[in-house]
Amino acid sequence: MHCKNYFFLATHNTWRSRQDTVAMTEVGEDGATQREEDSAVVARTGRPLVSPDMYSGVQSWSDWVEHFEAAANVNGWSEATKLLWLPVRLSAGKAQKTAWKRLTPEAKSSYATAKEALQKRFEPESKRKLYLVEFQTRRRRPSEQWNDFGDELRVLADKAFPELDDKAKELLSLERYLGELDNPQIAFIVRQR
């Protein structure tokens, strides 16, 4: 049995005290077999395979939307289904519920328009300026690992410069990273590569 050709899917329905159900399905090159199995599990249980986290307002809106869309993809949700789930997952706090209620009917007409309107609400242009300042002033903490510092710079670059392509953001992050190195010779060597 080749493990890479099989997908193990485990679901557990505790609210009905069912036993764990484990299905093993061979995945074709196009992935169609797995999609059919996933759809069958959702249809059989009436529940999504993965439930997206609630949006609390503490985490970044962009990060949460990325998570929400990944869960929607696993569940095979259409744009209409994502639109139905969006307000449900915004119910973590009063501010999130209010944001959904204040959307115009036009904004609620599709998932894309709702997502865009909520993006403007939860991550306005002024917040982007804060990310830019944080990116420019971020220093490596003494106990912080270098790879963690680099990862944090990349995240801040994504938030501060959403209009730039990935290569440009990577270069900006690298320059900030190298600026934190104590040894200019090491920074010079890295720049040469």
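Keep in mind that what you see is a predicted model, and the values were worked out from it rather than measured.
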* Asked: Quick one: ring-ring contact (aromatic ring centres under 6.0 Å, His included) partners of Phe135, sequence neighbours excluded?
  -> Phe161
* Please identify each residue that fulfils side-chain contact (heavy atoms from CB on, under 4.5 Å) with Val50, with sequence neighbours left out. => Ala71, Val74, Asn75
* Structure fact -> When every non-hydrogen atom of Met54 is compared with those of Val88, the smallest separation belongs to CE-O, 3.7 Å
* **Qualifying salt bridge (charged side-chain N to carboxylate O under 4.0 Å, His left out) pairs, either residue in residues 103-114, two or more places apart** => none
* Structure fact -> In short, Arg128 meets Ala160 closest at the heavy-atom pair NE-O, 3.3 Å
* Looking only at heavy atoms, what is the nearest atom pair of Ser60 and Glu123, with distance? -> OG-OE2, 2.9 Å
* **Over 12 non-hydrogen atoms of neighbours within 6.0 angstrom of CD in Gln119** => yes
* At what distance, to the nearest 0.5 angstrom, does CD of Glu66 lie from CG of Asp158? -> 9.0 Å
* Hey, is Asp53 close enough to Arg89 for a salt bridge, meaning N to O under 4.0 Å? -> no
* Asked: What do you reckon, is NZ of Lys127 surrounded by more than 12 foreign heavy atoms closer than 6.0 Å?
  -> yes
* To do: Say whether Val155 and Leu132 are linked into one hydrophobic cluster, either directly or through other cluster members, by side-chain heavy-atom distances under 4.5 angstrom.
  => no
* Under the salt bridge (Lys or Arg N to Asp or Glu O under 4.0 Å) test, which residues partner Glu69, sequence neighbours left out? -> Lys115
* Rounded distance [0.5 Å steps], CZ in Phe149 versus CZ in Arg139 -> 8.0 Å
* To do: Mind telling me whether Tyr111 and Phe68 have parallel, tilted or perpendicular rings, with 30° and 60° as the class edges?
  => parallel
* Considering all heavy atoms of both residues, which atom of Leu86 and which atom of Ala114 are nearest to each other, and what is their separation? -> CD2-CB, 3.9 Å
* More than 12 heavy atoms of other groups within 6.0 Å of Gln145 CD -> no
* Do Tyr177 and Trp146 have ring centres separated by under 6.0 Å? -> yes
* Asked: Do NZ/NE/NH1/NH2 and the carboxylate oxygens of Glu144 and Arg138 come within less than 4.0 Å?
  -> yes
* Separation between CG of Leu156 and CG of Leu172, rounded to the nearest 0.5 Å -> 12.0 Å
* Side-chain heavy atoms under 4.5 angstrom apart, residues restricted to Ile, Leu, Val, Met, Phe, Trp, Tyr: same cluster for Leu174 and Leu181? -> yes
* Structure fact -> Taken to the nearest 0.5 Å, the spacing of Lys159 NZ from Ser62 OG works out to 7.5 Å
* To do: Could you tell me the separation between the OG1 atom of Thr98 and the CG atom of Leu103, rounded to the nearest 0.5 Å?
  => 11.0 Å
* To do: Locate the shortest heavy-atom distance separating Ala99 from Arg121; write the atom from each residue and the value.
  => CB-CG, 3.9 Å
* Asked: In Å, rounded to the nearest 0.5 Å, how long is the span from CD of Glu79 to CG of Leu84?
  -> 11.5 Å
* Can you tell if the side chain of Leu118 reaches within under 4.5 Å of the side chain of Leu90, non-hydrogen atoms only? -> yes
* To do: Write out all pairs satisfying salt bridge (charged side-chain N to carboxylate O under 4.0 Å, His left out) with one or both partners inside residues 146-157, taking only residues at least two apart or from two chains.
  => Asp151-Arg154, Arg154-Glu170
* List for me each residue that meets ring-ring contact (aromatic ring centres under 6.0 Å, His included) alongside Trp85, sequence neighbours excluded, and say none if there are none. => Trp77
* Asked: Any idea which heavy atoms bring Ala107 and Thr113 closest together, and the distance?
  -> O-OG1, 2.8 Å
